[in-house]
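Have a look at the structure below, then the notes.
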There are 2 protein chains.
Amino acid sequence: MKLIAIYKCLCDETRLRILHLLSHQALCVCHFQEILSAPQVKISKHLAYLREHALVETKREGTWIVYSLPVKASAELTANMKCLQDCCRGNAVFSADLRRMNRALANCAGPLAECCGEQPKTARGSKPKAARA
Amino acid sequence: MKLIAIYKCLCDETRLRILHLLSHQALCVCHFQEILSAPQVKISKHLAYLREHALVETKREGTWIVYSLPVKASAELTANMKCLQDCCRGNAVFSADLRRMNRALANCAGPLAECCGEQPKTARGSKPKAARA
DNA sequence: TCGGTATATTCTTCTCTACGCATATTCCTT
DNA sequence: AAGGAATATGCGTAGAGAAGAATATACCGA
């Protein structure tokens, strides 16, 4: 039952926040660590859980690994991500996450690092210098 | 975080099917047992879990206890129940549950027992003989 | 008051999950 | 080739959750 896998992934706060972020923007692991202020192991393990349940896809970009929702997401996942966004609108925790995300992406595009060379759907800094295959 | 409680309740198959049924119709415990073909303990424990997480309300009707979604459901719960209904439409398991529910309610209104004296939103048998306070 | 029906709770066992520490892997740069 | 950065994995522990058996509780009717 696909639905149960989806709900299992959504029922932990860390994963819920990760999925909420991913419903807005593909991100790499270091961003999750920064946005959620969580240790690397914790983030990595929850991302593994999401991978095992096929709720996310990965793309290697040099040293970084960019996580995103599946390109061909099931109808159930799409519906639930939409529902999640609706539920999160106006919520303090999730709004703060989005703010931190935008800040992180802005910094990321700066002189220090540029991992998530995707085209973000939200505000973005400048100078996406390089995008290795 | 209210959302997490909701997802925790949804991430088990038994509870998922119970909540899906409740999104259509208030039901008493014996109906869940019959529709899901599950032993009494199992149903009762999962209902207790739903109660503890405030996803359901109960009303005593004589010997029976009728379960329903909260009258004043949170926006999150309402949204997720809507989403669940959308996701379940056309699914074999959930559709069969609904069919069994209607059959159970029809029998229930018959000469044998009449526990769920609510006004069902779906098809219904006849003769809702009594509704004790 | 007693028996019966509907439902809940307790206890035990087992599995799954979360977390942190330490370590491994992969890739890049020099 | 070597070091460093980003990310993943293995191990151990502790707690949550699921299931069934047995038992308890609450209500009803006679």
Side-chain angles (χ1 to χ4, degrees), chain A residues 1 4-5 7-18 26-53 55-68 104 108 112-117 129-133, chain B residues 1 4-5 7-18 26-53 55-68 104 108 112-117 129-133:
Chain A
M1 191 107 68
I4 294 180
Y7 290 130
K8 273 183 183 290
C9 289
L10 285 167
C11 75
D12 171 90
E13 174 166 352
T14 304
R15 290 195 295 267
L16 182 58
R17 292 169 70 188
I18 288 177
L27 291 168
C28 70
V29 184
C30 56
H31 283 141
F32 292 120
Q33 292 178 221
E34 181 181 351
I35 298 170
L36 305 187
S37 325
Q40 187 259 326
V41 206
K42 186 171 176 180
I43 297 293
S44 186
K45 289 239 188 86
H46 282 297
L47 288 173
Y49 189 101
L50 294 176
R51 253 184 291 125
E52 286 156 13
H53 289 78
L55 281 228
V56 297
E57 283 173 356
T58 61
K59 196 175 65 169
R60 204 160 195 132
E61 294 280 343
T63 337
W64 303 292
I65 299 182
V66 179
Y67 279 78
S68 60
C108 173
L112 293 176
E114 51 281 315
C115 30
C116 300
K129 205 171 61 179
R132 309 116 176 115
Chain B
M1 191 108 65
I4 294 180
Y7 290 129
K8 272 183 183 291
C9 289
L10 286 167
C11 74
D12 170 89
E13 174 166 352
T14 304
R15 290 195 296 267
L16 182 57
R17 292 169 70 188
I18 287 176
L27 290 168
C28 70
V29 183
C30 56
H31 283 141
F32 292 120
Q33 293 177 221
E34 181 181 350
I35 298 169
L36 305 188
S37 323
Q40 188 258 326
V41 207
K42 186 171 176 181
I43 296 293
S44 186
K45 287 235 196 85
H46 283 296
L47 287 173
Y49 188 102
L50 294 175
R51 253 184 290 126
E52 285 157 14
H53 289 78
L55 282 228
V56 297
E57 283 174 353
T58 62
K59 196 175 65 170
R60 202 158 198 134
E61 292 282 342
T63 338
W64 304 291
I65 299 182
V66 178
Y67 278 77
S68 60
C108 173
L112 294 175
E114 51 281 315
C115 29
C116 299
K129 205 171 62 180
R132 308 120 177 111

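Proteins come first, then strands; the chains are lettered A, B, ... in the order of their sequence lines, and each starts at number 1. If you're wondering where the values come from, they're calculated on a predicted model, not measured in any experiment.
Between B:F32 atom CZ and C:dT7 atom P there is a gap of 10 Å when expressed in whole angstrom units. Atom CG in A:L50 sits roughly 14 Å away from atom C1' in C:dA18 (whole-Å rounding). For A:W64 and C:dT25, the CH2 to C1' distance is 18 Å, given to the nearest whole Å. In this structure, NZ of B:K59 is placed 17 Å from C1' of C:dA6, rounded to the nearest angstrom. Taking atom CD of residue B:E34 and atom P of nucleotide C:dA6, one finds them 11 Å apart after rounding to whole Å. Straight-line distance from the CD1 atom of A:I4 to the P atom of C:dT17: 12 Å, rounded to whole Å. For B:R60 and D:dA26, the CZ to C1' distance is 5 Å, given to the nearest whole Å.
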**Item:** Contact letters for nucleotides 13-18 of chain D, in which S counts primed atoms plus P, OP1 and OP2 and B counts the base, heavy atoms under 4.0 Å
**Value:** ----SS

**Fill in**
Per-nucleotide protein contact along nucleotides 8-15 of chain C, 5' to 3', at a 4.0 Å heavy-atom cut-off (B base, S sugar-phosphate only, - neither), is BBBB----

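Taking all atoms of both residues into account, the shortest heavy-atom contact from B:D12 to B:T14 is OD2-N, 2.9 Å. Here the shortest heavy-atom pairing between A:H53 and A:A5 reads CD2-CB, 4.1 Å. Minimum interatomic distance between B:I4 and A:C11 (heavy atoms only, all atoms of both residues): CG2-O, 3.4 Å. The minimum heavy-atom distance between A:I65 and A:T58, with the atom names listed, is CG2-CB, 3.8 Å. Taking every heavy atom of both residues into account, A:V56 and A:L47 meet most closely at CG2-O, 4.3 Å.
Look at A:E61 and A:K59 and you find a salt bridge, because one of the NZ, NE, NH1 or NH2 atoms lies within 4.0 Å of a carboxylate O, short of that distance.
Between B:R51 atom CZ and B:Y67 atom OH the span is 3.5 Å, to the nearest 0.5 Å.
Side-chain N or O atoms of B:R15 include one that pairs as donor or acceptor with a backbone N or O of B:C9 at under 3.5 Å.
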